[in-house]
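Residue numbers begin at 1 in each chain, while the letters A, B, ... track the order of the sequences. No hydrogens, no waters, no symmetry mates; every other heavy atom, side chains included, goes into these values. Since the structure is predicted, the reported quantities are computational estimates derived from the model, not experimental observations.
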Protein chains: 2
Amino acid sequence: MGETTNLAELRFSHDRCVDCPIRNRAVCSYSSPRQLAELDAAKFYRDYEPGQEIIGEGEPCDAVGSVVEGVVALHRTMEDGRRQTVGLLFPSDFVGRPLRTVAPYDAIALTPVRMCLFHRKRFEEILQHNPSLERRLLEMTLDELDAARDWMVLLGRKTAIEKLASFLLILAHRTATLDNQPFDDGIAITLPLTREAIAEYLGLTIETVSRQFGVLKRNGVISLPDPRITVIEDLRALFYLAGEDPDQEFEPRPFRPAANA
Amino acid sequence: MGETTNLAELRFSHDRCVDCPIRNRAVCSYSSPRQLAELDAAKFYRDYEPGQEIIGEGEPCDAVGSVVEGVVALHRTMEDGRRQTVGLLFPSDFVGRPLRTVAPYDAIALTPVRMCLFHRKRFEEILQHNPSLERRLLEMTLDELDAARDWMVLLGRKTAIEKLASFLLILAHRTATLDNQPFDDGIAITLPLTREAIAEYLGLTIETVSRQFGVLKRNGVISLPDPRITVIEDLRALFYLAGEDPDQEFEPRPFRPAANA
DNA sequence: CCGCACAGTTGATTCAGATCAAGGATAACA
DNA sequence: TGTTATCCTTGATCTGAATCAACTGTGCGG
């Protein structure tokens, strides 16, 4: 597990739970000031650099905790090296598997990450006599389960373009919500993932991801001022392509899958 | 929601929780006799026929509960009708989404099913003052999440033959465990699913599923005395084909994907 | 300033699985 | 005992995405 590293890159710096940026969204959000004090005493922060492993698949996992800053990917890897990202975690999301000694997947920092961690045993003790903590963990786990099942539809049934559109839509929504701007055309997404990480999440190859970015760009749905920055030019088209249909009314329009067509 | 139907087809018949066949595996398995009495008073049974809807996607869901007998599939359907099965539930598994008013997916009985149900509101009340019930629900939800993520690997990265092999392996393991027989060659699986239901679960078409059954049969990995009964003839080969590698040692052997090869 | 590594793009080709299209088997039923 | 309906299988063809293979930045270290 990682060393403490470039703190300077992290936006927030705090020590006490009451000053925590994820205080009212994380697993501790239902905890009273009194209960929070116990968590405060037990927690410790750790920072990770992009690519660094936070939890190793199949390894004994003795820490659990919340993402405070950055983006974390959960992977499962097959014997022959094929890899699938099974979860993408953002600040306030919970990492680790309480009530299990071995991690069923590995967690990798995609960006500089700060984690708020607990020793697993200690966390389970606290959980034991903190119904509000356990309730929140149950809620978050149920939400994760719903998200995982949504992703199963994407992986099992969607085409490459639908996969990418769905993914961008999620990021766009997240960005809009966080920045408190309307969920509409013009949103600029700063991708925290390489093409490879996107491919691993979408169940595609890196080449296909790149090509689908090209398709979206050529059709004016997005623009790419930089490979890592995506500007949504036509949100409705993106919805349409994602096969989601946000509100029912939407006029399909001619769409050009390749340059020549 | 369904009517009470052909009870005669169900193996078990009981009224009180203490006689329940899933008593020590279901969500209530940590509950004390005292706590069980409260559940006993609140529960009600309902039976469903194959194809019948237990919970409708997007509909208000006011019942939650456990599968007592039979097999239930959870589906998500896209606007254009593409469908993905996102969960397969067996006796003792929990159905429904506490802490949410709308069901994110629909639950369909694949076989004759008996459910042990609670009104959602009532269940949430009981949950409130039953830490052992909530603890068990958290555990089960965490396990479901792990299973969903395993399935994401299957959907995103595995080939058709690997998908079917993985699926049969899971059913074989289940069958062996339930019937208390060794997990070895000769296990006979009675498929509770049509080819179509299998296809929806594996993210394939019905034709591809059928063809992959053919491949397994031609290679002597399984035999099909009946389309709905699969006998495992070579468990090691099945592991190999699933891309799982149970214990590391396994000698790859020539494998014939098509009839002529 | 060069060389190298890394991320991304683009093109040509292949192939696994979807789609389209018949058939065959079994069971329910008139 | 045909009649219809389901479920399953099998064959021919098509196609979307993987694979194989360059090639283009862009940044970094010497």
Whether Phe239(B) and Phe183(B) hold their rings parallel, tilted or perpendicular, with breakpoints at 30° and 60°: perpendicular
Cut-off 3.5 Å, no hydrogens considered: what does the side-chain donor-acceptor table look like for residues 186-194 of chain B, sequence neighbours left out?
from, atom 1, to, atom 2, distance (Å)
Thr194(B), OG1, Glu196(B), N, 3.3
Thr194(B), OG1, Ala197(B), N, 3.1

Residue pair Leu164(A) / Phe167(A), side-chain heavy-atom distance below 4.5 Å: yes
Salt bridge (Lys or Arg N to Asp or Glu O under 4.0 Å) partners of residues 176-185 of chain A, not counting sequence neighbours, each pair once: none
Carboxylate-amine/guanidinium proximity below 4.0 Å for Arg228(B) and Asp226(B): no
Residues that Phe213(B) engages under ring pair (Phe, Tyr, Trp, His ring centres under 6.0 Å), provided they are two or more places apart: none
Nucleotide interval of DNA chain C bounded by contacts with chain B (heavy-atom cut-off, under 4.0 Å): dG17(C) to dC20(C)
Residues forming a salt bridge (Lys or Arg N to Asp or Glu O under 4.0 Å) with Glu57(B), sequence neighbours excluded: Arg76(B)
Residue list, salt bridge (Lys or Arg N to Asp or Glu O under 4.0 Å) with Arg97(A), at least two apart or on another chain: Asp143(B), Asp146(B)
Interatomic distance, Leu171(A) atom CG to Leu88(A) atom CG [nearest 0.5 angstrom]: 7.5 Å
5'-most by nearest nucleotide on DNA chain C - Arg157(A) or Leu224(A): Leu224(A)
Partner residues of Glu200(B) under the side chain to side chain donor-acceptor pair (under 3.5 Å) criterion, sequence neighbours left out: His75(B)
Set of salt bridge (Lys or Arg N to Asp or Glu O under 4.0 Å) partners for Glu144(B), sequence neighbours left out: Arg149(A)
Salt bridge (Lys or Arg N to Asp or Glu O under 4.0 Å) partners of Arg157(A), counting only residues at least two apart: none
Strand contacts (DNA chain C) in residues 197-211 of chain A, 4.0 angstrom heavy-atom criterion: Glu207(A), Ser210(A), Arg211(A)
Protein-nucleic acid N or O pairs under 3.5 Å, nucleotides 24-28 of chain D:
none

Value rounded to 0.5 Å, distance of CG in Leu154(B) from CD in Gln84(A): 10.5 Å
Whole-Å distance separating the CZ atom of Phe213(B) from the P atom of dC8(D): 9 Å
Could I get a table of every N or O pair under 3.5 Å where one atom is in the protein and the other is in nucleotides 13-16 of chain D?
none

Atom pair distance, as rounded to whole Å: CZ in Arg83(A) and P in dA18(D): 17 Å
